[in-house]
Visitor: 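The structure that follows is given in the form of structure tokens.
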Amino acid sequence: MGGSSPCASCKLLRRRCAKDCIFAPYFPSDDLPKFAIVHRVFGASNVSKMLQELPVQQRADAVSSLVYEANARVRDPVYGCVGAISYLENQVSQLQMQLAVAQTEMLCIRMQQESALPMPMPTQMQQDDKSFLAATNNLDNISQYLNFASSSSSSNVIQDPSALKRESLWT
């Protein structure tokens, strides 16, 4: 920048902004909090070294990643981005489970609807009506179990990741 207004880095560090300031293109003077958080987490010297090692075309993405990681570290000092990623992965797996339950319910409903349609039965099928009715009753039982599972788990998404360990369909 070198002239009228120093970049956010030079403002915060209270130094003169040189023409070849590595921070100037990525931390404009009007966005002081952006650099302040990166400086607090990583340090200006480390950020400067990282940016100098990268090709110019990759620096903007690197700064964006540094800002994101710094914000995540301030919110969660222990896990940072990894904590956010783990939370989102748990949420995805819960939603996939809910989707599988819903698809199974749809399949059961379709099977019940198909079995409820009147079909001309051959004579050997009429003799075996008892087994047909037993199969239909089994579908009703499966549907009842699935309705119980979906009403107890799909209405609420578990927000606490430790609750996932406590709630299991197989134990």
Visitor: From Ser45 OG over to Met50 CE, what is the distance, rounded to the nearest 0.5 angstrom?
Guide: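 So the gap between those two atoms works out to 9.5 Å.
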Visitor: Any chance you could measure Ile22, atom CD1, to Leu54, atom CG, to the nearest 0.5 Å?
Guide: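 Separation between the atoms: 8.5 Å.
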Visitor: Of Ser5, Cys10, Pro6, Cys17, which is the lone residue that meets side chain to side chain contact (heavy atoms under 4.5 Å, CB included) with Ser29?
Guide: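 Testing Ser29 for a side chain to side chain contact (heavy atoms under 4.5 Å, CB included) against Ser5, Cys10, Pro6, Cys17 leaves exactly one candidate, Ser5.
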Visitor: Could you tell me whether a side-chain N or O of Arg59 sits under 3.5 Å from a main-chain N or O of Glu53, the two making a donor and an acceptor?
Guide: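 No: the side chain of Arg59 does not pair with the backbone of Glu53.
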Visitor: Quick check against the 3.5 Å criterion: does Asp76 have a side-chain atom that pairs as donor or acceptor with the backbone of Ala72?
Guide: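 No, the answer is negative, given that no donor and acceptor are paired below the 3.5 Å cut-off.
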Visitor: Supply the atom-to-atom distance Arg110 CZ to Gln113 CD, rounded to the nearest 0.5 angstrom.
Guide: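 If we round to the nearest 0.5 Å, Arg110:CZ and Gln113:CD are 8.5 Å apart.
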Visitor: Is the shortest heavy-atom distance from the side chain of Cys81 to the side chain of Tyr68 under 4.5 Å?
Guide: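 Yes, close enough: below the 4.5 Å cut-off.
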Visitor: Would a 4.5 Å heavy-atom cut-off, applied to side chains only, mark Val63 and Phe23 as touching?
Guide: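 In short, these two side chains do not touch, never coming nearer than 4.5 Å.
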Visitor: Treat each ILVMFWY residue as a node, draw an edge where side-chain heavy atoms are under 4.5 Å apart, and state whether Val74 and Leu32 are in one component.
Guide: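 They do share one cluster, since a chain of ILVMFWY contacts under 4.5 Å joins Val74 to Leu32.
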Visitor: Looking only at non-hydrogen atoms, find the nearest pair between Tyr26 and Lys34 and report the distance.
Guide: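 Here Tyr26 and Lys34 meet closest at O-NZ, 3.2 Å.
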Visitor: Which distance, rounded to the nearest 0.5 Å, do you find between the CZ of Arg14 and the CG of Leu12?
Guide: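 It is 8.0 Å, given to the nearest 0.5 Å.
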Visitor: Ignoring hydrogens and geometry, is there a side-chain-to-backbone donor-acceptor pair from Ser65 to Asp61 under 3.5 Å?
Guide: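 Checking the backbone N and O of Asp61 against the side chain of Ser65, a donor-acceptor pair under 3.5 Å is found.
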Visitor: Honestly curious: do Val56 and Leu66 fall in one hydrophobic cluster under the side-chain, below-4.5 Å linking rule?
Guide: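 Linked, Val56 and Leu66 end up in one cluster.
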Visitor: Just by modelled atom types, is the Phe27 backbone N or O under 3.5 Å from a matching donor or acceptor in the Asp31 side chain?
Guide: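 Not a single qualifying donor-acceptor pair exists.
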Visitor: Between Ser64 and Ala60 (side chain of the first, backbone of the second, donor and acceptor by atom type, cut-off under 3.5 Å), is there such a pair?
Guide: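 No, because the side chain of Ser64 does not come within donor-acceptor range (under 3.5 Å) of the backbone of Ala60.
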Visitor: Is there a side chain to side chain contact (heavy atoms under 4.5 Å, CB included) between His39 and Leu13? Walk through the geometry before answering.
Guide: CA-CA 10 Å; His39 173 58; Leu13 300 174; 3.9 Å; yes
Visitor: Applying a strict under-4.5 Å side-chain criterion to I, L, V, M, F, W and Y, I'd like to know whether Val92 and Leu99 cluster together.
Guide: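 Hydrophobic grouping puts Val92 apart from Leu99.
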Visitor: Taking atom CD of Gln112 and atom CG of Leu107, what is their separation to the nearest 0.5 Å?
Guide: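 Between atom CD of Gln112 and atom CG of Leu107 there are 10.5 Å.
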Visitor: Going from OH on Tyr79 to CZ on Arg73, what distance comes out if it is rounded to the nearest 0.5 angstrom?
Guide: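 Nearest 0.5 Å value for the OH-CZ distance: 10.5 Å.
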Visitor: Ignoring hydrogens, what is the shortest heavy-atom contact between Pro28 and Ala8? Give both atom names and the distance.
Guide: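 Closest approach of Pro28 to Ala8: O-CB, 3.3 Å.
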